[in-house]
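First up is the structure itself, then whatever we jot down about it.
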Amino acid sequence: MQAALRDTLLSDDRLGLEERFLASQLLLHIDDPQACWQACASWLLKQSPADRVDAGYVDIDSSVYVPVAEHRRNISGLTSILGTCFPLQDSSVQFVFRQAGPVVFEDTLDNPHIEPELARFFQQVGTRSKMAIAIRDGGQIVGLLCLDHSRPQAWDLESRSRVQVLASLVIGPVLGAARNLTVATPHEAPEATTASPLGWEASSIERLGLTPAECRVAQWVMQGYSYKEVARHLNRSASTIDHQLRSLRQKLGVTSTAKLVQALHQLPVPPR
């Protein structure tokens, strides 16, 4: 699969040298979807006028979308949205999913497709303009990619075209293959001992009483996977994962998986 993708991507005349370089980097990490998403976000932040780029898988079995990768510029008022849960049934999200190419919201404070509550959230995190595109693999939506700007922005035709080409020819096929590869070969995340594989402070794990198994489940849930997919990844029964999720919610004092994801992203990590 990887060889076939490489031959297809690196010989595609529609891709420039920079796009082919990104494709080669993604192929090197095709067994690590998180690294692939991070590479996409980092590349686009450098190659576009965006102030923030975020992305992640869309799971049709879930009710929310949670971005798992983000890169942003050091701009006052522009804050991270990692761990934020966006309802998949939100009208703006559904509007993006219905379009074949990028959707531009030139001003998030004055757009009929963005509901008032979401517009207020964008204002709080410093997003004034947004370009979003559904990532598809073989016609099926597998992810979402967003480019944000801290000021109203029309987004020029070149930027839109470049994002569309990248999404359809590179990101969609590679991230679709990465997810299929991971699901097809179930494996366990590393054991959590003195620290979580996510980098949480050991004191947080001890204080909450999280077990190594719960840390592994949390790692997958934070990437937007449903409990059924987590069960396949970890080669466990769905009932076992469901029980561990209930335990995680109880220990973190939340009542839903969406709130659990937010709480997990807010756990402190050691300073670098």
Side-chain angles (χ1 to χ4, degrees), residues 34 37-38 40-42 44-45 48-99 102-135 141-155 159-160 163 167 198 218 221-226 249 252-269:
Q34 176 74 11
W37 283 121
Q38 290 287 4
C40 290
S42 175
L44 276 166
L45 189 69
S48 76
D51 292 329
R52 182 203 293 115
V53 179
D54 61 86
Y57 280 118
V58 168
D59 179 8
I60 59 175
D61 290 333
S62 176
S63 61
V64 296
Y65 160 70
V66 183
V68 299
E70 176 190 71
H71 281 268
R72 67 184 191 276
R73 303 190 194 281
N74 186 21
I75 296 176
S76 177
L78 191 71
T79 60
S80 175
I81 65 168
L82 282 177
T84 301
C85 298
F86 296 93
L88 286 184
Q89 295 307 312
D90 182 90
S91 59
S92 61
V93 176
Q94 289 298 313
F95 180 69
V96 171
F97 287 170
R98 289 194 298 269
Q99 312 307 311
V103 174
V104 170
F105 303 100
E106 294 186 13
D107 191 341
T108 58
L109 293 181
D110 183 24
N111 190 287
H113 295 290
I114 299 180
E115 298 175 3
E117 183 177 357
L118 186 57
R120 288 192 293 271
F121 171 77
F122 286 148
Q123 186 176 20
Q124 292 171 1
V125 298
T127 298
R128 189 63 188 274
S129 168
K130 177 180 286 287
M131 175 163 54
I133 185 169
I135 303 300
I141 294 176
V142 296
L144 185 64
L145 174 69
C146 297
L147 293 84
D148 296 351
H149 205 286
S150 57
R151 300 185 304 275
Q153 176 90 353
W155 300 96
S159 295
R160 300 186 196 193
V163 167
L198 293 160
V221 170
M222 288 177 70
Q223 295 182 57
Y225 291 94
S226 68
R249 290 195 296 268
L252 275 79
V254 297
T255 56
S256 69
T257 300
K259 292 179 180 178
L260 172 64
V261 172
Q262 288 181 307
L264 290 170
H265 273 288
Q266 291 169 1
L267 289 179
V269 297

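Heavy-atom basis, side chains included; hydrogens, waters and symmetry copies ignored.
Checking Val58, Leu144, Val64, Asp59 one by one against Leu88, the side chain to side chain contact (heavy atoms under 4.5 Å, CB included) holds for a single residue, Val58.
Residue Arg128 holds its CZ atom at 4.0 Å from CG of Asp107, rounded to the nearest 0.5 Å. Here CH2 of Trp155 is found 10.0 Å from CZ of Arg160. Values are rounded to the nearest 0.5 Å. Distance check, rounded to the nearest 0.5 Å: CD of Gln153 to CG of Leu147 gives 10.5 Å. Here the OG1 atom belonging to Thr257 is positioned 11.5 Å from the CD atom belonging to Gln262, to the nearest 0.5 angstrom.
In this structure, Glu106 and Asn111 have side chains that are not in contact, with every pair of non-hydrogen atoms separated by 4.5 Å or more. For the pair Asp148 and Ser129, the minimum side-chain heavy-atom distance is 4.5 Å or more. Met131 is not listed as a side-chain neighbour of Phe105, based on a closest heavy-atom distance of 4.5 Å or more. Val125 is not listed as a side-chain neighbour of Leu78, based on a closest heavy-atom distance of 4.5 Å or more. Between Val68 and Gln34 the shortest side-chain heavy-atom distance falls below 4.5 Å. The side-chain heavy atoms of Asp51 and Arg72, taken from C-beta on, include no pair separated by under 4.5 Å. A 4.5 Å side-chain heavy-atom check between Leu145 and Val53 finds at least one atom pair inside the cut-off. Side-chain contact between Asp90 and Leu118: present, with at least one pair of heavy atoms (C-beta onward) separated by less than 4.5 Å.
You'll find the ring centres of Phe121 and Phe86 inside the 6.0 Å limit.
The closest donor-acceptor contact from the side chain of Ser80 to the backbone of Leu82 lies under 3.5 Å. Formation of a donor-acceptor pair under 3.5 Å by the Arg73 side chain with backbone atoms of Leu45 is found in this model.
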Would Thr127 and Arg52 satisfy side-chain hydrogen bond (donor to acceptor under 3.5 Å, both in side chains), going step by step from the backbone distance to the final call? CA-CA 8 Å; Thr127 298; Arg52 182 203 293 115; 2.5 Å; yes
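Scanning both residues, Ala55 and Trp37, for their nearest heavy atoms gives CB-CE3, 3.4 Å. Listed here is the closest heavy atom pair of Tyr57 and Tyr225: CE1-OH, 3.6 Å.
Within 6.0 Å of the CD atom in Gln99, the count of heavy atoms belonging to other residues, nucleotides or ligands exceeds 12.
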